[in-house]
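Just so you know, these numbers use all the heavy atoms, side chains as well, and skip hydrogens, waters and symmetry mates. For ligands, and for the atoms within them, numbers begin at 1 and follow the listed sequence. Residues take their numbers from the sequence shown, with the count starting at 1.
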Amino acid sequence: MINGAKLTAAPIRWAMVGGGQGSQIGYIHRSAALRDNVFQLVAGAFDIDPQRGRDFGTSLGVEPARCYADYQTLFAEEAKRPDGIQAVSIATPNGTHFAICKAALLAGLHVVCEKPLCFTTAEAEELQTLAASRGKIVGVTYGYAGHQLIEQARQMIAAGELGEIRIVNMQFAHGFHSAAVEEANPATRWRVDPKLAGPSYVLGDVGTHPLYLSEVMLPALKVQKLMCSRQSFVASRAPLEDNAFTLMQYHGGAMGFVWSSAVNAGSMHGQKIRVIGSKASLEWWDERPNQLSFEVQGRPAQVLERGMDYLHPAALHDDRIGSGHPEGLFEAWSNLYYRFALAMDASDRDDQAALAAIRYPDIHAGVEGVRWVENCVRSADAGGVWVDYQ
Ligand code: NAD
């Protein structure tokens, strides 16, 4: 149970790029990073508009002199200080991630980067190589993976409770962009602009989330080939899709499916993963993250509840309050951020054994998300054909 005890010797001096006033995702980064006293926000380039970024950083309590106009100045000026930043989180639109992440690694910083990590697998692998050569951590905020029942599912699958895995059925299909809301909303507009969003919209924006959950639950499962069909139901979004169906064949014969959508009218979030084995199935839904459905063929279904002592110890480790009280997305993100801090700390001490024992969405997860999107787009743009996974 997490109770506020110190997790690292000292908080990591930390900055943000992006995540400014009015951004969708900036606050949850700060809330998650600061909650367990593992990071200390000391600097930033919070906004594409320097003055707005400075005003906002100051409102957060950051010294005005450390609220910089852009990320280049942030990295250069902080490197000159004896108390300069050690890590940075990148919460900007997708098209900027590669350049900022690369610059941060070259500046000797640990990084937390938003998904999708970048546009191409080649770029993602370049970041992976750079991070390895510099001995730096890159965490990727697949935030739902911090929910404790994802760990429970991982443990039950590893223990063989489902039998042989046959099907992984996933979706992240919300309805908030059923109409062309981007015409009035800049935060949605960049998501459907290939220059800023990359080669896909919903595949990268939402589909990669349940995909990563499947990688956590089923680490041995590897995609062999896939076929993808993508559509722009709001025609002005073409060539980017607002809906996609991806069918995957894994090595060994299991099958997977991901429905990625922003036009599932009426759906709030609609992220689900159902893992089906020869004996039983598990299902988790992000709108009810404290429950995991366990369904054994021929028996009444069970609902496993977060925090109960019948769960695997690893699924109780990150509890912050006892069972019954709902925990949510903010706690899940905090569970990732404290692991990012532990990984950075272990890396700085060159404690490779400790580092290997920390499970978190790392640079490999970031690379795999980009790889999946690239393969989906290749299949879809060839007419929805099966392609070998590259
Ligand atoms: P947003 O448009 O709401 O906010 C972007 C912020 O970045 C703004 O404050 C903007 O001023 C700032 N910015 C843009 N370019 C910048 C630059 N060059 N330097 C400094 N600041 C800059 O976007 P958002 O919805 O918060 O999304 C940001 C990223 O987070 C995207 O990559 C998105 O895919 C990702 N995201 C992830 C999740 C998740 O669950 N992990 C959820 C939502 C968004």
Peer 1: What is the closest protein heavy atom to atom 1 (P) of ligand 1, and at what distance does it sit?
Peer 2: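 Looking at atom 1 (P) of ligand 1, the protein heavy atom closest to it is Trp190 NE1, 3.9 Å.
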Peer 1: Just to confirm my output: which protein heavy-atom neighbour is closest to atom 12 (C) of ligand 1, and how far is it?
Peer 2: Gly18 CA, 3.8 Å
Peer 1: Return the OG to CG distance between Ser334 and Asp36, rounded to the nearest 0.5 Å.
Peer 2: 5.5 Å
Peer 1: What's the verdict on side-chain hydrogen bond (donor to acceptor under 3.5 Å, both in side chains) for Asn264 and His174, showing C-alpha distance, side-chain angles and the deciding distance?
Peer 2: CA-CA 5 Å; Asn264 182 16; His174 67 78; over 6 Å; no
Peer 1: Got the closest protein heavy atom to atom 30 (O) of ligand 1, with its distance?
Peer 2: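 Result: Glu114 CG, 3.0 Å.
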Peer 1: What residue and heavy atom of the protein are closest to atom 28 (C) of ligand 1, and at what distance?
Peer 2: Thr92 O, 3.5 Å
Peer 1: Taking the six-membered ring for Trp, are Tyr212 and Tyr142 parallel (under 30°), tilted (30 to 60°) or perpendicular (over 60°)?
Peer 2: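 If you compare the ring of Tyr212 with that of Tyr142, the planes turn out parallel.
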Peer 1: Just wondering, do Gln271 and Tyr144 contact through their side chains at under 4.5 Å, heavy atoms?
Peer 2: yes
Peer 1: Is ligand 1 under 4.0 Å from a heavy atom in the side chain of Asp70, in the backbone, in both, or in neither?
Peer 2: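 Answer for Asp70: neither.
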Peer 1: Can you pull out the closest protein heavy atom to atom 4 (O) of ligand 1? Residue, atom name and distance to 0.1 Å, please.
Peer 2: Ser23 CB, 3.3 Å
Peer 1: Please say whether Val17 places an N or O atom under 3.5 Å from an N or O atom belonging to ligand 1.
Peer 2: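 Checking ligand 1 against Val17, no N or O pair falls under 3.5 Å apart.
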Peer 1: Kindly assign one of parallel, tilted or perpendicular to the pair Phe245 and Phe257, based on the angle between their ring planes and the thresholds 30° and 60°.
Peer 2: parallel
Peer 1: Please state which part of Tyr142 comes within less than 4.0 Å of ligand 1, counting heavy atoms only: side chain, backbone, both or neither.
Peer 2: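 The answer is neither; Tyr142 stays 4.0 Å or more away.
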Peer 1: As a test of understanding, state which of Gln390, Glu374, Arg371 forms a side-chain hydrogen bond (donor to acceptor under 3.5 Å, both in side chains) with Thr121.
Peer 2: Glu374
Peer 1: Do you know which of Asn243, Asp381, Thr246 makes side-chain hydrogen bond (donor to acceptor under 3.5 Å, both in side chains) with Arg230?
Peer 2: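 It is Asp381, the one option of Asn243, Asp381, Thr246 that forms the side-chain hydrogen bond (donor to acceptor under 3.5 Å, both in side chains) with Arg230.
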Peer 1: Considering only the protein, which heavy-atom contact is closest to atom 34 (O) of ligand 1, and what is its distance?
Peer 2: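 I find the closest protein heavy atom is Lys115 O, 3.0 Å.
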Peer 1: Are Phe98 and Phe119 near enough that their ring centres are under 6.0 Å apart?
Peer 2: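 No - the distance between ring centres of Phe98 and Phe119 does not fall below the 6.0 Å cut-off.
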Peer 1: Students should be able to answer this: which protein heavy-atom is nearest to atom 10 (C) of ligand 1, and at what distance?
Peer 2: Ile48 N, 4.1 Å
Peer 1: When you measure from atom 11 (O) of ligand 1 to every protein heavy atom, which one gives the shortest distance, and what is it?
Peer 2: Asp47 OD1, 3.0 Å
Peer 1: Residue-level breakdown please: for Ala91 versus ligand 1, do any non-hydrogen atoms fall below 4.0 Å on the side chain, on the backbone, on both, or on neither?
Peer 2: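 For Ala91, the contact with ligand 1 is made by the backbone alone.
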Peer 1: With heavy atoms under 4.0 Å as the rule, classify the contact between Phe172 and ligand 1 as side chain, backbone, both or neither.
Peer 2: neither
Peer 1: Determine whether the aromatic ring centres of Trp333 and His29 lie less than 6.0 Å apart.
Peer 2: yes
Peer 1: Which of the numbered atoms in ligand 1 are below 4.0 angstrom from a heavy atom of Ala187?
Peer 2: 2 (O), 3 (O)
